[in-house]
Amino acid sequence: MPKTIITPPGTSVPIAPFVPGTLADGVVYVSGTLPFDKDNNVVHVGDAAAQTRHVLETIKSVIETAGGTLDDVTFNSIFITDWSNYAAVNSVYAEYFPGEKPARFCIQCGLVKPDALIEIASVAHIGK
């Protein structure tokens with residue numbers, strides 16, 4: 001099955017061997033997205049809500065570059081560093097998914113950069 005690499009304009013070079021997204025058979029797979037600026041520095045240090053908004057905007061840009069919208073998201077994998085940020089994450093998350101929600105899971109774990117409080121990976125079905 002052919003696949004297309006999805007890289008929105010202005011995307012920084014990843015810190016590991018991966019791409020922002022891959023489109024295959026009408027499905028967009030968005031890599032784990034951290035709250036990074038164009039130089040791979042963590043933004044909004046200490047602010048889980050602002051980091052969540054930044055991550056979801058980045059995911060939105062990947063899906064839109066592939067031809068979809070956030071309404072096409074069917075699954076999100078959410079990683080947070082501390083359960084105390086869960087309410088802030090959910091508050092912003094609900095703004096981006098106001099209608100029917102995608103399936104998801106959320107776990108607490110360590111992330112690649114200590115100042116990052118959240119990482120989200122997504123799957124969106126945009127059709128062929």
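Note that these values count all heavy atoms, side chains included, but never hydrogens, waters or copies made by symmetry. Bear in mind the structure is a predicted one, so any value in this text is a computation, not a measurement.
- Judged by distance alone, with hydrogens and angles left aside, the side-chain atoms of Asn40 form a donor-acceptor pair with the main-chain N or O of Val13 at under 3.5 Å.
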List, one per line, each side-chain donor-acceptor pair under 3.5 Å for residues 100-109, sequence neighbours excluded.
unit_1: Lys101; atom_1: NZ; unit_2: Phe97; atom_2: O; d: 2.6
unit_1: Lys101; atom_1: NZ; unit_2: Pro98; atom_2: O; d: 3.1
unit_1: Lys101; atom_1: NZ; unit_2: Gly99; atom_2: O; d: 3.1
unit_1: Arg104; atom_1: NH1; unit_2: Asn90; atom_2: OD1; d: 3.0
unit_1: Arg104; atom_1: NH2; unit_2: Tyr86; atom_2: OH; d: 3.3
unit_1: Arg104; atom_1: NH2; unit_2: Asn90; atom_2: OD1; d: 2.7
unit_1: Gln108; atom_1: OE1; unit_2: Trp83; atom_2: N; d: 3.3
unit_1: Gln108; atom_1: OE1; unit_2: Trp83; atom_2: NE1; d: 3.0

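- Residues Thr65 and Pro9 are in side-chain contact: their nearest non-hydrogen atoms beyond the backbone lie under 4.5 Å apart.
- Note: the hydrophobic cluster containing Phe75 does not contain Val28 (ILVMFWY, side chain heavy atoms under 4.5 Å, direct or indirect links).
- Formation of a donor-acceptor pair under 3.5 Å by the Glu95 side chain with backbone atoms of Arg53 is not found in this model.
- Residue Gln51 comes nearest to Val45 through the heavy atom pair NE2-CA, 3.9 Å, listed as atom of the first residue, atom of the second, then distance.
- Distance OG1/Thr4 to CG/Asp25: 11.0 Å, rounded to 0.5 Å.
- Here the closest heavy-atom approach between residue Asp37 and residue Val43 is recorded as CB-CG1, 3.6 Å.
- For the residue pair Gly67 and Ile126, the shortest heavy atom distance occurs at C-CD1, 4.3 Å.
- Note on Val30 and Ile78: same hydrophobic cluster, where clusters join Ile, Leu, Val, Met, Phe, Trp and Tyr whose side-chain heavy atoms are under 4.5 Å apart, directly or indirectly.
- Between the Thr52 side chain and the Ala48 main chain, a donor and an acceptor come within less than 3.5 Å of each other.
- A cation-pi arrangement, defined by a distance under 6.0 Å to the six-membered ring centre and an angle within 45 degrees of its axis, is absent between Lys3 and Tyr29.
- Cluster membership check: Val92 shares its hydrophobic cluster with Val62, using side-chain heavy-atom separations under 4.5 Å among Ile, Leu, Val, Met, Phe, Trp and Tyr.
- Checking side-chain atoms of Thr74 against main-chain N and O of Asp72 turns up no donor-acceptor pair under 3.5 Å.
- When all heavy atoms of Lys38 and Ser12 are compared, the pair lying nearest together is O-CB, 2.8 Å.
- Contact check for Ile118 versus Asn85: no side-chain heavy atoms found under the 4.5 Å cut-off.
- Residues Ile59 and Tyr93 are members of one and the same hydrophobic cluster, defined by side-chain heavy-atom contacts under 4.5 angstrom among Ile, Leu, Val, Met, Phe, Trp and Tyr.
- Closest approach of Leu23 and Ala66 over heavy atoms only: CD2-O, 4.3 Å.
- Between the side chain of Ser31 and the backbone N or O of Val19, at least one donor-acceptor pair lies under 3.5 Å.
- Linking Ile, Leu, Val, Met, Phe, Trp and Tyr residues whenever their side-chain heavy atoms come within less than 4.5 Å places Ile6 and Ile63 in a single cluster.
- Among Leu56, Ile120, Val123, the one residue that satisfies the side-chain contact (heavy atoms from CB on, under 4.5 Å) test with Asn76 is Ile120.
- Here the shortest heavy-atom pairing between Thr81 and Ala116 reads CG2-O, 3.3 Å.
- In this structure, His54 contributes its side chain and Phe36 its backbone to a donor-acceptor pair below 3.5 Å.
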